[in-house]
Amino acid sequence: MFLHNLPFISIFHKCKTIKQFKEAHSQLVIRGLNHPPASLRPIISFSALDPSGDTNYAILLLLFRTCLASPVFLFNTVIRGLARSHGRGTFAPSSLLVLNRMAELNLTPNNFTFTFLFQGCSNFCTFDLGRQFHGMLVKNSLEMDVFIRNSVIQFYSVCGEMDDARRVFDESDEIDVVSWNSMINGYARNGHMSEALDMFDKMPKRNNVSWNSVLGALTKFGFLDDAYRLFVEMPRRSLVSWVVMISGCAQNGRPKEALALFREMLSLQQEPNSAILVSVLSACSHLGALHHGNWVYAYIEQKHVKIDSILSAALIDLYAKCGIIDLAMQVFGSTKKKCVSTYTAAISGLAMNGRSKEALQLFEAMKAEGISPDSISYIAVLSACSHEGWVDKGFHYFNSMSDVCGIKPELDHYACMVDLLGRAGLLEEAERFVASMPIKPDSAIWGALLGACRVHGNAEMGQRVGNLLIHSDQNHDGHYILLSNIYAESMKGEDAEEVRKTMRKRKVKRVPGYSLIELDGVVHEFLAGDRSHEKTGKVYHAWDEIVSEIKKFGYNAETRGVVFDVEEEEKETLVGYHSEKLALAFGFMSTKPGSLIRIVKNIRICSDCHSAFKLISKVFRRKIAVRDRKRYHHFEDGHCSCMDYW
DNA sequence: ATAGGGTTAG
C-alpha cells in the first residue's frame with residue numbers, strides 16, 4: 001500500500017472487517033505518519049456500530065484522540081454503539097466515561113446523545129442510571145423533543161415504572177403515535193391490560209404497531225378469543241400480526257387453531273417467515289400431526305427456507321413426537337450448525353422413544369463438541385434417567401449440574417429427581433429428598449410424589465400428600481382424581497367419593513383425557529366413553545370385536561381404580577372405553593391390516609390399556625405407537641418399548 | 001434518532 005500517496009481518510013476506504021481497520025490503523029502508527037485525529041472517524045464509527053466491531057477500541061480512540069471536527073456527532077455514535085448489544089455489562093461505566101470526556105472538552109450533549117443514552121438504559125435495565133440522565137435533562141432544562149420524550153417513556157416502561165412513564169406522557173404537549181404506542185406497550189408488558197386497552201381506545205390515530213401491540217398482549221396473556229376478534233377487526237394484517245396470532249395459539253394449547261390460521265395465511269398468498277414455520281411445526285408435534293408436519297417440511301425445502309439450528313430443533317421434535325425417531329436423527333445428522341437446542345431436541349427425542357442410552361451418549365458428544373449444556377438439556381438428561389429407573393446416573397448428572405457446569409438446579413430439576421426416585425419405588429427417599437430441598441417445593445414436586453404413591457400403592461403417603469395438595473392448589477383437577485383413585489384402590493370408597501364431592505363443590509374444571517389419531521391428514525379426537533364421532537357405532541363395535549379376540553389369548557379387563565361409585569354419565573368413562581381404545585378401534589377400521597397406528601394422548605396411559613395394546617400388537621400383528629404425557633410406547637409382537645416401566 | 005413480532009428443546 002502506498003500510504004503516503006493517499007489522503008488520510010481514504011486509508012480506511014476499502015476496509016470491511018474490524019481486523020482490516022486495525023491493520024490499516026497500525027500501518028498509520030508504524031509509519032509515524034502525522035495524521036490529523038479527524039482521519040480516525042471511520043474506524044471509530046465502524047468499531048462502535050458494526051456487529052463485528054469493538055466498542056472498547058472505539059472508546060479508546062475517542063477518549064485519547066479527540067478534538068475532532070463535529071465531535072458531538074462522533075460521541076453520539078459511540079454511545080449509540082454502547083447502547084446496542086455488544087456494550088453489554090459495561091454500558092453504565094463506559095457511557096459515563098464518554099460523557100465525562102465530553103464535559104472536559106466543553107461539549108454539550110444534544111437530543112441525539114440523550115436518545116441513545118435512554119436506549120441503552122432500556123436495553124440493559126439500568127434504572128438508576130436512566131433516572132440520573134432524566135435528572136440531567138430536567139436540570140439543564142434541555143428542550144425535550146419528541147424523540148427523547150419517547151425514549152424516556154420507553155425507558156420507564158421497560159423498567160416497570162408505569163407511573164413515571166405516565167407522568168412524562170401527561171406532561172408533554174407534543175405527543176405522537178409513537179408516544180401512545182410506547183405507553184400501550186408498557187402497560188401491556190407490565191400486565192396492566194385494562195390500561196393498555198383504555199389508551200388504545202383513546203388514541204386519536206392508530207397505526208399497525210398499535211394494533212399489533214394490543215394483539216400481542218392479548219395472546220401473551222392467553223386471551224386468545226379476544227385476540228382473534230381483534231385480529232379479524234384489524235384494518236391491515238402485517239406479517240407481525242400473523243406471527244403473534246399463530247405463535248400465540250401454538251403456545252397456549254390451541255394447536256389446531258394455529259394450523260387453521262396457517263392455512264388461511266397461505267391461502268391469502270402471505271409468505272410465512274421462519275418463526276411462523278417453527279410455531280406451526282410445534283403445533284404439529286403437539287397433535288402428532290405427521291401429515292401436516294411432512295407438508296411443512298416439504299414447503300421448507302421447496303422454498304429453500306434456511307434450516308437454522310432452531311428450525312432444525314423443531315423438525316427433530318416433530319419426528320420424535322410422531323414416534324419416528326430414526327427420521328428425527330436423520331434431520332439431526334444433516335443439520336450443519338447445531339446449537340444446544342438442536343441437541344436437546346434429539347436427546348429428549350431419543351429418551352422419549354426408549355433409547356435413553358443413546359440419549360446420554362449424545363449428551364456426552366455435545367459436551368465434547370464444546371457446546372455447553374443449559375438447564376433444559378439437563379431436564380432432558382434427568383428425564384432420560386427417570387424413564388429407565390437409573391437412579392445413580394440421575395444423581396450423578398444432577399450433582400454435576402452445579403459442580404461442573406455451574407447451573408443451579410431449579411424446581412423442574414428437583415421435580416425430575418422426585419419422579420426418578422418415586423417411579424423407582426424409593427418413596428421414602430423421595431420424600432426425604434423433598435424435605436432437603438433448598439427451595440420451597442411447589443405443587444409439581446408434590447404432584448410427582450403423589451403420582452409415584454399411586455403407582456406403588458402407598459396409600460398412607462398418598463393420602464397425606466394428596467390432601468396437602470388439594471388444599472394448597474385447589475384448582476388442579478389431576479390431584480383430586482389421583483387422590484380419589486388412591487382411596488378407591490385401598491378400598492376406601494367413601495373417602496374417594498368425598499374427594500370427588502369436594503372437587504365438584506369447588507367447581508374445579510376437569511380437563512378430560514383425550515386421544516388423537518391422524519388419518520389422511522385429518523386429526524380425529526376421542527374422549528373416554530365418547531359418542532360424538534360420526535362413526536361412533538362402528539367404532540364401539542370394532543373395539544368390542546378386538547376385545548373378544550384378545551380375550552382368547554388371556555386378556556382380562558383390569559378394573560383397578562374404578563371400584564367407587566360414579567355418577568351415571570361417568571359410568572361410560574370406565575376403563576373399558578378409554579379414549580386410546582376408541583382411537584385404536586377407529587384406526588383399525590380405517591387402515592389396512594398390518595399398517596402402523598399412531599396415537600397421541602394427553603395423559604398417561606393406564607395399565608389396562610397398556611396390557612391390552614401389548615396383546616393386540618401380537619394377535620393382530622400390528623405395530624402401535626402411543627405417545628402419552630411422558631413418553632412413547634412402541635407396541636410390537638406383545639412387547640412395549642418401555643419394558644413395562646413407566 | 002423514538003414504538004410492534006420471533007419461533008425451539010422439558
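So that the names make sense, note that chain A is the first sequence line, chain B the second, and so on, each numbered from 1.
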I need the full list of salt bridge (Lys or Arg N to Asp or Glu O under 4.0 Å) pairs touching residues 297-314 of chain A, with sequence neighbours left out, sorted by first then second residue. A:Glu271-A:Lys303
Under 3.5 Å, is there a donor-acceptor pair between the A:Asp176 and A:Asn150 side chains? yes
Listing request: all salt bridge (Lys or Arg N to Asp or Glu O under 4.0 Å) pairs with a residue in residues 310-330 of chain A, at least two apart in sequence or in separate chains. A:Asp317-A:Lys321, A:Asp326-A:Arg355
Taking only heavy atoms on the protein side, list every residue of residues 190-204 of chain A lying under 4.0 Å from any atom of DNA chain B, sorted numerically. none
Residues of residues 314-322 of chain A with a heavy atom under 4.0 Å from any atom of DNA chain B, listed by number, are A:Asp317, A:Lys321
Under 4.0 Å, counting only non-hydrogen atoms across every strand here, what does A:Asn76 touch: a base, just sugar-phosphate, or nothing? nothing
Of all the heavy-atom pairs spanning A:Ser95 and A:Leu129, show the shortest one and how long it is. OG-CD2, 4.1 Å
To the nearest 0.5 Å, tell me how far A:Ile376 CD1 sits from A:Ile347 CD1. 12.0 Å
Taking the six-membered ring for Trp, are the ring centroids of A:His134 and A:Tyr156 within less than 6.0 Å of each other? yes
A:Phe262 and A:Trp242: aromatic ring centres closer than 6.0 Å? no
Could you check how far CD1 of A:Ile79 sits from C1' of B:dA1, rounded to whole Å? 13 Å
Taking the side chain as C-beta and beyond, is there a heavy-atom pair between A:Trp646 and A:Val455 under 4.5 Å? no
Would you please indicate if the ring centroids of A:Tyr343 and A:Phe363 are separated by under 6.0 Å? no
Minimal non-hydrogen separation, A:Ser309 against A:Cys339, with atom names: OG-SG, 3.3 Å
Pull out every residue in residues 370-379 of chain A that has a heavy atom closer than 4.0 Å to any atom of DNA chain B, ordered by number, or say none. A:Asp374, A:Ile376, A:Ile379
Got a salt bridge between A:Arg166 and A:Glu161, using NZ or NE/NH1/NH2 to carboxylate O under 4.0 Å? no
In B/S/- notation (B base, S sugar-phosphate only, - none; protein heavy atoms under 4.0 Å), nucleotides 2-7 of chain B written 5' to 3' is BBBBBB
Are the side chains of A:Phe112 and A:Phe147 in touch, meaning some heavy atoms are under 4.5 Å apart? no
Centroid-centroid distance, A:Trp211 to A:Phe200, less than 6.0 Å: yes
